[in-house]
Amino acid sequence: MKTKIINENELNIACDLLKNDEVVALPTETVYGLGANALSANALQKIFIAKGRPSDNPLIVHISNFSDLDFLTSSIPKNAKLLMDKFWPGALTIIFPKSQNVPLEISRGLDTIAIRFPSHKTMLDVISNCGFPIAAPSANISGRPSTTCFEHVFDDLNGKVSGIVKGDISKIGLESTVIDLTRTPPVLLRPGGITLEQLRDVLGEVLVDTSINSKISDTKKVSSPGMKYRHYAPKAPLTVVSGNAFKCADYISKIATKNTGILAFDEFSFENSEVLHFGSINNQETQAQLLFAKLREFDNTNVTEILAMCPTCDGLGLATTNRLKKSAGFLETKIQGKVFGLTGRSGAGKSTVSKFFAKKGFKIIDCDKIYSNLLETSSLLIDELHKNFDDCFESGKLNRQKLSSIVFNNSQKLKLLNNITFKYIKQEVENIILSTDTDVILDAPLLFEANFDIYCDKIFGVIANEDTIISRLSLRDAEKNILNRLKNQKNNSFFIQSCDIIIENNSSLQALEDFILKGDFYEFIT
Ligand code: TXA
Ligand code: MG
């Protein structure tokens with residue numbers, strides 16, 4: 001079959017093909033779709049043939065108008081209206097009870113129908129111009145990663161479909177979220193562009209289908225047939241490495257060879273392997289957008305295995321993680337031991353918080369203590385300090401008080417001191433993190449300045465009122481020193497902005513413990 005390459009300014013060609021029961025690949029904001037007339041059995045069969053799609057896997061129907069729903073569904077649940085108001089047009093597919101008008105080839109034996117109102121202008125123009133809804137699975141050969149750019153669609157489907165519309169790169173990069181509203185409470189069948197948190201904000205309780213996090217046997221009856229097939233698979237077998245990113249990177253670097261492909265966050269580099277980066281550790285949008293393209297890129301290399309660093313399961317990370325795990329056939333190496341950063345201004349009460357966590361079995365890494373120990377034990381550190389802060393040494397011994405008063409009045413010197421000390425503390429911190437399997441609290445007043453956030457799964461900021469801080473510090477230092485020290489530290493609003501969780505510590509130990517133990521916080525980290 002000759003495949004026509006169609007530009008976005010000649011959509012009439014695409015529409016003519018579709019009106020003649022042909023299949024045409026089309027760009028959408030999630031991934032490219034392989035479109036056909038959703039009301040024509042003849043056209044729909046061609047989708048299954050072109051993709052090599054298992055015949056029991058139902059299709060999503062795309063509409064360009066809310067009024068198209070009446071024809072396709074037998075009823076519209078109340079909570080569907082809430083979701084449609086909020087997320088349509090967009091990356092959300094809703095399962096409705098289907099009407100009599102829906103061809104067998106769409107729902108494949110189910111009495112429901114999956115419907116999405118996409119936001120991509122090209123797709124919407126094509127649906128409107130055709131005058132019928134368009135069924136479109138992802139435009140890839142079944143089992144391969146979905147396609148997020150024209151070139152990948154061409155690689156998979158050239159010669160197998162009548163046309164490919166050459167659009168832009170898919171903005172989201174992962175397929176739509178699929179939610180089943182025919183059940184109570186609603187069930188998330190596939191995580192995608194709209195997050196579980198966003199759905200729960202609107203609906204309250206939403207269950208998560210078990211197939212999202214674990215392998216389903218081929219014979220088991222599942223709510224969403226597509227969830228049981230091995231999907232998104234690059235040619236080389238893939239293993240997901242999950243857990244603390246820094247520890248995962250260390251594990252990967254120890255077992256990788258020159259034939260290993262590594263899918264990594266931008267912050268981590270590896271020597272002598274084929275490394276592809278898919279975004280910064282904190283950039284879930286980029287990770288989602290690049291995932292499928294990177295999995296395909298490995299196919300152009302000689303790697304014989306792929307190890308992939310795994311995002312966390314919150315927000316868009318749930319969808320990215322789900323696709324990664326599916327492309328691994330749920331083969332996963334879990335690295336034990338989380339790292340929680342603990343930071344805040346002097347006197348905010350970090351040590352009290354860390355004592356609480358020590359009691360609960362966490363291992364505490366106290367960076368202040370490490371620094372004090374290093375001053376006693378590391379001749380390299382002492383030599384470097386001697387070279388740069390000679391006047392703070394009295395008969396060979398460092399006067400810390402004098403050093404403090406110099407650096408707290410001179411930001412250049414403070415920076416120099418930090419550069420020296422961070423380097424030595426970092427080595428100790430890394431050694432401890434990598435040598436323990438238990439959960440760790442990394443207590444570091446200058447956590448962000450030292451770039452120690454890279455080690456942390458989550459970061460707690462401890463804050464207290466300025467008066468409370470000063471009265472606490474005055475028990476251990478002179479007022480002038482206190483004010484000088486605080487002047488050089490970030491303020492509470494910095495911590496509120498930069499940390500994942502804020503712990504307020506203004507009053508008693510009991511109040512602090514109550515605060516930590518209440519709500520989901522403690523459950524979430526243990
Ligand atoms: O973002 C997307 O949704 C893309 C673009 C092209 O719109 N489409 C897409 O389609 O990902 P597809 O066929 O690759 O995935 C559709 C998923 C499958 O897992 C299928 O089993 C499920 O939706 N599905 C379809 N109809 C269903 C139904 N009635 N009940 C439950 N699951 C259904
Ligand atoms: Mg698909």
Side-chain angles (χ1 to χ4, degrees), residues 23-36 38 44 47-48 50-64 72-74 87-99 102-120 122-124 126-127 133-148 153 156 165 167 170-183 186-194 209 211-212 216 221-233 288 292 319 322-323 326-327:
V23 290
V24 176
L26 300 156
T28 89
E29 74 278 20
T30 54
V31 296
Y32 272 71
L34 184 56
L44 293 169
I47 288 183
F48 286 85
K51 277 191 63 130
R53 184 177 176 97
S55 62
D56 69 343
N57 198 357
L59 298 169
I60 295 176
V61 175
H62 297 71
I63 58 172
S64 62
L72 297 167
T73 62
S74 62
F87 302 116
W88 277 7
L92 179 69
T93 296
I94 301 175
I95 310 290
F96 294 93
K98 73 172 184 184
S99 77
V102 178
L104 194 77
E105 287 72 13
I106 291 288
S107 290
R108 295 283 155 178
L110 302 173
D111 44 22
T112 53
I113 179 172
I115 302 180
R116 177 160 102 85
F117 187 159
S119 66
H120 197 288
T122 304
M123 185 70 173
L124 292 173
V126 169
I127 304 169
I134 289 189
S138 49
N140 53 278
I141 297 292
S142 266
R144 300 263 297 135
S146 302
T147 49
T148 52
V153 181
D156 271 22
V165 173
S170 312
K171 225 166 69 203
I172 296 174
L174 298 176
E175 301 85 346
S176 61
T177 301
V178 180
I179 186 162
D180 188 349
L181 294 184
T182 65
R183 291 193 270 168
V187 184
L188 177 71
L189 297 182
R190 179 177 76 181
I194 301 297
D209 197 83
S211 64
I212 289 173
I216 301 292
K221 189 170 169 1
V222 289
S223 348
S224 184
M227 297 308 278
K228 72 181 179 201
Y229 300 108
R230 175 144 190 241
H231 259 0
Y232 319 117
F292 287 142
N322 166 259
R323 304 309 190 272
K326 290 194 81 172
S327 58

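In what follows, residues are counted from 1 in the order of the sequence shown. Each ligand, and each atom within it, is numbered from 1 in the order the structure gives.
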Show me which atoms of ligand 1 lie under 4.0 Å from any heavy atom of A136. 6 (C), 8 (N), 10 (O)
Any I212 side-chain heavy atom under 4.5 Å of R190 side chain: no
Once you round to the nearest 0.5 Å, how far does CD1 of I113 lie from OG1 of T93? 11.0 Å
M123 heavy atom under 4.0 Å from ligand 1: no
Is T28 close to ligand 1, meaning an N/O of one under 3.5 Å from an N/O of the other? no
Taking the side chain as C-beta and beyond, is there a heavy-atom pair between L181 and F96 under 4.5 Å? no
Show your reasoning for whether side chain to side chain contact (heavy atoms under 4.5 Å, CB included) applies to W88 and I63. CA-CA 10 Å; W88 277 7; I63 58 172; 4.1 Å; yes
Identify, by atom number and element, the atoms of ligand 1 in contact range of N57, meaning under 4.0 Å from any of its heavy atoms. 18 (C), 20 (C), 21 (O)
Measure the distances from the heavy atoms of S107 to every atom of ligand 1 and state whether one is below 4.0 angstrom. no
R116 bridged to E175 by N-O distance under 4.0 Å: no
Would you indicate which of I47, I60, N140 comes nearest to atom 23 (O) of ligand 1 when only heavy atoms are counted? I60
Tell me which one of H62, E29, K171 satisfies side-chain contact (heavy atoms from CB on, under 4.5 Å) with H120. E29
I'd like to verify the contacts: list protein N, O or S atoms under a distance of 2.8 Å from the Mg ion (ligand 2). S138 OG
Who pairs with S64 by side chain to side chain donor-acceptor pair (under 3.5 Å), at least two apart in sequence or on another chain? S128
Within 4.0 Å of some non-hydrogen atom of L110, the atoms of ligand 1 are 28 (C), 29 (N), 30 (N)
I'd like to check which ligand 1 atoms, numbered from 1 as shown, lie under 4.0 Å from a non-hydrogen atom of S176. 1 (O), 2 (C), 3 (O)
Considering the heavy atoms of H62, write down every atom of ligand 1 situated less than 4.0 Å from one of them. 5 (C), 7 (O)
Numbered atoms and elements of ligand 1 in range of G33, under 4.0 angstrom, heavy atoms: 6 (C)
E105 side chain to L44 backbone, donor-acceptor under 3.5 Å: no
In the structure I gave you, are the side-chain heavy atoms of F87 and I94 within less than 4.5 Å of one another anywhere? no
Under a 4.5 Å cut-off applied to non-hydrogen side-chain atoms, are T112 and S107 in contact? no
Side-chain contact test, heavy atoms from C-beta onward, threshold under 4.5 Å: evaluate it for Y232 versus S146 and give yes or no. yes
Proximal atoms of ligand 1 relative to S138 (non-hydrogen, under 4.0 Å): 8 (N), 9 (C), 10 (O), 12 (P), 14 (O)
If the contact criterion is a heavy-atom separation under 4.0 Å, does R53 count as touching ligand 1? yes
Within the structure, does E175 bring an N/O atom to less than 3.5 angstrom of an N/O atom in ligand 1? no
Could you tell me which atoms of ligand 1, counted from 1 in the order shown, lie closer than 4.0 angstrom to a heavy atom of T112? 28 (C), 29 (N), 30 (N)
